[in-house]
Protein chains: 2
Amino acid sequence: MMVAHGVNLTKQRRIIADVLFERNQHVTADQLFDLVKQTGSRVSKATVYNTLGLFARKGLVREIFIDASRTFYDSNNSHHHHFYNVDTGDLIDIKDRLAAHFIEQDLPEGTSMDVVDLVVRVRNIKS
Amino acid sequence: MMVAHGVNLTKQRRIIADVLFERNQHVTADQLFDLVKQTGSRVSKATVYNTLGLFARKGLVREIFIDASRTFYDSNNSHHHHFYNVDTGDLIDIKDRLAAHFIEQDLPEGTSMDVVDLVVRVRNIKS
DNA sequence: GCTGTTGCTTAGAATAGTTCTAAAAATAAT
DNA sequence: ATTATTTTTAGAACTATTCTAAGCAACAGC
C-alpha cells in the first residue's frame with residue numbers, strides 16, 4: 001500500500017501509519033504524536049509532522065483546515081466531507097449523498113447550519 | 001451609534017471598514033494592517049485582528065482558512081466559493097453556477113483540479 | 001568486509017500568525 | 001461631573017508548525 005503510493009516505508013513511518021490507519025479518525029499532528037507515545041514507541045514530533053505532510057502529499061490522508069490553529073488529518077481518504085461544530089469542536093463525516101444537498105434536516109442533532117466553506121484547490125499544470 | 005449588523009462603529013472600525021470594503025478583495029489581517037497604514041491612518045494590529053474577528057462574527061466578512069498559516073478575509077460576503085492555487089497562492093472567486101459543478105474546463109487557465117475541500121460549519125442550537 | 005551517497009530522524013531553536021494582558025483612552029450612562 | 005462600560009494600544013505570550021544541523025540507517029558499488 002505504502003510502497004504503491006511512492007512512500008519509502010521506514011520504521012517510524014510504519015509505526016505512525018499503524019496508529020493512524022488503525023481506524024477512521026480525525027487527528028491533529030499533536031494528538032497523533034501522543035497516540036504513538038501511548039503505544040510505547042518513540043517517534044519525534046518532527047517526524048510525525050513530516051510524515052503527515054508526506055502522507056497528505058501522497059494522497060494517503062486528507063488535510064482538513066478548520067481554522068488557523070486546527071489542522072486535522074483524516075485517515076479515511078475516501079471522498080467525503082465534514083460537519084464541524086464550532087461550539088463543540090466535533091468533526092463529523094458527511095455521507096456523500098448529503099454533500100450535494102446540505103439538507104438541514106440531516107445536520108447533526110441539535111445543531112443549525114452556520115457556514116458552508118468550500119475551497120477548490122487547483123495547481124499549475126507542469127509544462 | 002449602531003450599524004445595521006450590530007457593530008458599534010468606532011473611529012478605528014470605520015477606518016478599517018473603509019479600506020476593507022473599498023472593493024471586493026481577499027486580504028490577510030496583516031495585509032489589511034499595511035493597507036490601513038498606507039492611508040496615513042494609524043490603527044494598531046491588535047485592533048485590526050479584533051475588528052476582522054468581530055466583522056466575521058457579525059457576517060460582514062467571510063473567513064477563508066486556506067491552511068494553518070493563511071487566513072483570508074473576503075470583503076465580498078455574497079454567496080460564493082473559491083479557487084485556491086497551491087502553487088501561486090492565488091485566491092479566485094468561483095461564480096455560483098460553477099460551485100455546483102466543478103467543471104474542469106472552467107478552472108483557472110493552466111491549472112488542474114487538486115482537492116475540493118468543503119466544510120459545513122454548524123453550531124449548537126441555543127436552548 | 002569498507003566507503004560514499006542518499007535519505008531519514010532527531011532535539012531544540014526559530015518562525016509567524018494570532019491571542020492575551022494590563023493600562024490608557026474614549027464613549028456612554030447615571 | 002462622576003462612574004461605568006467599551007475600545008484601543010503596545011508589547012508580551014502563546015502555539016502550531018517549520019527549520020537547522022548533526023547524527024543514523026540503508027544500501028550500492030567496490
Side-chain angles (χ1 to χ4, degrees), chain A residues 2-3 5-20 26-37 39-58 60-74 84 86 89 91, chain B residues 1-3 5-20 26-37 39-58 60-74 84 86 89 91 119:
Chain A
M2 296 302 172
V3 179
H5 283 82
V7 173
N8 184 7
L9 197 54
T10 65
K11 204 172 98 200
Q12 288 86 347
R13 287 174 187 170
R14 171 173 284 282
I15 291 167
I16 290 168
D18 282 350
V19 174
L20 180 57
H26 308 119
V27 289
T28 64
D30 226 64
Q31 287 167 350
L32 186 56
F33 174 71
D34 286 340
L35 287 174
V36 166
K37 215 189 308 194
T39 70
S41 303
R42 164 84 200 141
V43 176
S44 73
K45 189 170 280 191
T47 296
V48 173
Y49 272 94
N50 290 340
T51 301
L52 283 173
L54 177 67
F55 284 2
R57 253 176 289 121
K58 298 297 184 179
L60 292 164
V61 298
R62 285 283 299 278
E63 282 174 320
I64 309 163
F65 301 110
I66 294 297
D67 64 39
S69 68
R70 249 176 282 261
T71 301
F72 285 94
Y73 290 86
D74 190 340
Y84 175 70
V86 296
L91 192 57
Chain B
M1 188 226 297
M2 295 292 212
V3 149
H5 285 81
V7 172
N8 185 8
L9 197 54
T10 65
K11 203 173 98 197
Q12 287 85 348
R13 287 174 188 170
R14 169 172 285 284
I15 291 167
I16 291 168
D18 282 351
V19 174
L20 180 58
H26 308 120
V27 289
T28 63
D30 227 63
Q31 287 168 351
L32 186 56
F33 174 70
D34 286 341
L35 287 174
V36 166
K37 215 187 312 192
T39 70
S41 303
R42 165 81 200 143
V43 177
S44 74
K45 188 169 281 191
T47 297
V48 173
Y49 272 94
N50 290 341
T51 301
L52 283 172
L54 176 68
F55 284 2
R57 252 176 289 120
K58 298 298 184 179
L60 291 165
V61 298
R62 284 282 301 277
E63 282 174 321
I64 308 163
F65 301 110
I66 294 296
D67 63 39
S69 67
R70 248 176 282 261
T71 302
F72 285 94
Y73 291 85
D74 191 340
Y84 175 70
V86 297
L91 193 57
V119 176

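It should be emphasised that the depicted structure is a prediction, and the values quoted were computed from it without experimental measurement. Only heavy atoms go into these numbers, but all of them, side chains included; no hydrogens, no water, no symmetry mates.
Taking atom OH of A/Y49 as the reference point, atom C1' of C/dT10 lies 16 Å away to the nearest angstrom. Whole-Å rounding puts the B/N8 CG to C/dA28 P distance at 7 Å. Atom CG of B/D67 is separated from atom C1' of C/dG17 by 11 Å (rounded to the nearest Å). Atom CD1 in A/I15 sits about 16 Å away from atom P in C/dC8, given to the nearest Å. In this structure, OH of B/Y73 is placed 9 Å from C1' of C/dT18, rounded to the nearest angstrom. Summarising the geometry, the separation between CG on B/N50 and C1' on C/dG17 is reported as 14 Å, rounded to the nearest angstrom.
Residue B/K45 has its side chain nearest to C/dT18 when only C/dT9, D/dA10, C/dT18 are considered. The B/T10 side chain lies nearest to D/dT8 when the options are C/dC8, D/dT8, C/dT18. Taking only side-chain atoms of A/S69, from C-beta outward, the nucleotide of D/dA16, D/dC19, D/dT8 with the closest atom is D/dA16. Among the nucleotides D/dA10, C/dT18, D/dT17, the one closest to the side chain of B/A29 is C/dT18. Checked against C/dC8, D/dT9, C/dG12, the side chain of A/R13 finds its nearest nucleotide in C/dC8.
Qualifying salt bridge (Lys or Arg N to Asp or Glu O under 4.0 Å) partners for B/D30, counting only residues two or more places apart in sequence or in other chains: B/K45.
For the helix from C/dG1-D/dC30 to C/dT30-D/dA1, the axis fitted to the five pairs at one end and the axis fitted to the five pairs at the other end meet at an angle of 20° (nearest 10 degrees).
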